[in-house]
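Take a look at the structure set out below.
Each chain gets a letter, A, B and so on, in the order its sequence line appears, and its residues count up from 1.
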There are 2 protein chains.
Amino acid sequence: MINTKLSVAIHILSMVATSQHQPVTSDYIAASVNTNPVVIRRISSQLKKAGLITAQAGKPGFILLKNIEDISLLMIYQAVQTQDELFSIHNNPNPQCWIGKNIQATLDQAFLRAQQALENELAEQKLSDIIQHLSTQK
Amino acid sequence: MINTKLSVAIHILSMVATSQHQPVTSDYIAASVNTNPVVIRRISSQLKKAGLITAQAGKPGFILLKNIEDISLLMIYQAVQTQDELFSIHNNPNPQCWIGKNIQATLDQAFLRAQQALENELAEQKLSDIIQHLSTQK
DNA sequence: ATGAATTGTAACTAAAATAGTTACACATAA
DNA sequence: TTATGTGTAACTATTTTAGTTACAATTCAT
């Protein structure tokens, strides 16, 4: 199971996007996510490096740098995920065995396809879709 | 990053599928995967529950119960994975905030789509494709 | 029947990942 | 100049992951 960073990152961006009139601080976001403000700052720091938001130490709040239609879940996912590969492959299989010797390369390409299917779908979904769905909830 | 269980499970099934003349024991598989035999038995136990292989305590080796064309990576994935959901969603968001209140349901459907894209691709790939690729390596 | 080899599983361990926390430097602005 | 923020390092608790030890139960050759 993949960690909650994407989940929290989307939460952060949704709040920033829908409150651009008044500054949304990490404390305020943390209260909505229900976690520690540092967790928010840590993730927002990654979103900042990815060019999705900006912020200044001392100045409260974060500012969205793109239109919500131009931010895909894939961008957010890649901003917060450190590992490139979705699936782990066991290491040091026995090269004496023909299967052990070739399994890693084989799995690499099989897993890559699966990962790309996932990423293509994440690229389709935009922050605007999330906000749209959020606001049409009961 | 997803754990190595799928990776190891595919390795196991590849060995079982390509050595149906002589019994492939968990010790033998473990030597190729390069891990402890118990790790192999633990995963093969899950493959057994999923109806992909069979085995008998005392009797060496595992037997494939399906044609390699009829075993998809999705079947293997679902056999070894305990959690239904690919992405975690942070829990207890603040219901006082309209975003906190609706974020989980929103993320649920967004993540479900992504997961289904992944699973559709895993369903396309068969054990036979893996073995094909394995045997055409240099 | 006996004993070696094997599967099946419980229980424990070490290491890594995950999320949360404390502490504090530094920036901003009233 | 003081209160309020961001940014980040360092530490901690919990969970997950993979590996290991131990052993019951089963099969089968002798």
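Dashed line: the shortest gap from a side-chain N or O of A/Ser26 to OP1 or OP2 of D/dT6 is under 4.0 Å. Between D/dT8 and A/Ser45, a contact under 4.0 Å exists linking OP1 or OP2 to a side-chain N or O.
Between the CG atom of A/Leu47 and the C1' atom of D/dT8 there is a distance of 16 Å, given to the nearest Å. The distance from atom CD1 of B/Ile43 to atom C1' of C/dT9 is 15 Å, rounded to the nearest whole Å. Remark: P of D/dA9 and CZ of A/Arg41 are 14 Å apart, rounded to the nearest angstrom. Rounded to whole Å, the distance from CD on A/Gln22 to P on D/dG5 is 13 Å. Taking atom CD1 of residue B/Ile40 and atom P of nucleotide C/dT6, one finds them 15 Å apart after rounding to whole Å. The distance between atom CD of B/Gln46 and atom P of C/dT7, rounded to the nearest whole Å, is 17 Å.
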Exercise for the section: For nucleotides 13-22 of chain C, just jot down a letter per nucleotide in 5' to 3' order: B, S or -, based on protein non-hydrogen atoms under 4.0 Å. Expected result: -----SSBBB
Practice task
Determine, for nucleotides 25-30 of chain D in 5'-to-3' order, which nucleotides have protein heavy atoms under 4.0 Å from the base (write B), from only the sugar-phosphate (write S), or from neither (write -).
Solution key: -BSS--
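Applying the side chain to side chain contact (heavy atoms under 4.5 Å, CB included) rule to A/Tyr28 yields the partners A/Met15, A/Val24, A/Thr25; only residues at least two apart in sequence or on another chain are considered. Shown here are the side chain to side chain donor-acceptor pair (under 3.5 Å) partners of A/Gln81, two or more places apart in sequence or in another chain: A/Asn3. Residues that satisfy the side chain to side chain contact (heavy atoms under 4.5 Å, CB included) test with A/Ser44, not counting sequence neighbours, are A/Arg41, A/Ile53, A/Phe62. For B/His90, the ring pair (Phe, Tyr, Trp, His ring centres under 6.0 Å) criterion is met by A/His11, not counting sequence neighbours.
Side-chain atoms of A/Asn34 never come within 3.5 Å of backbone atoms of B/Asn94 as a donor-acceptor pair (strictly under, hydrogens ignored). Between the side chain of B/Ser88 and the backbone N or O of A/Ile2, at least one donor-acceptor pair lies under 3.5 Å. Formation of a donor-acceptor pair under 3.5 Å by the A/Asn120 side chain with backbone atoms of A/Gln116 is found in this model.
Environment of NZ in A/Lys101: sparse, with no more than 12 heavy atoms of neighbouring residues, nucleotides or ligands closer than 6.0 Å.
Heavy atoms of B/Lys48 sit under 4.0 angstrom from primed sugar atoms or phosphate atoms, though from no base atom.
Put simply, the side chain of A/Asp70 does not reach to within 4.5 Å of the side chain of A/Lys126, judged on heavy atoms.
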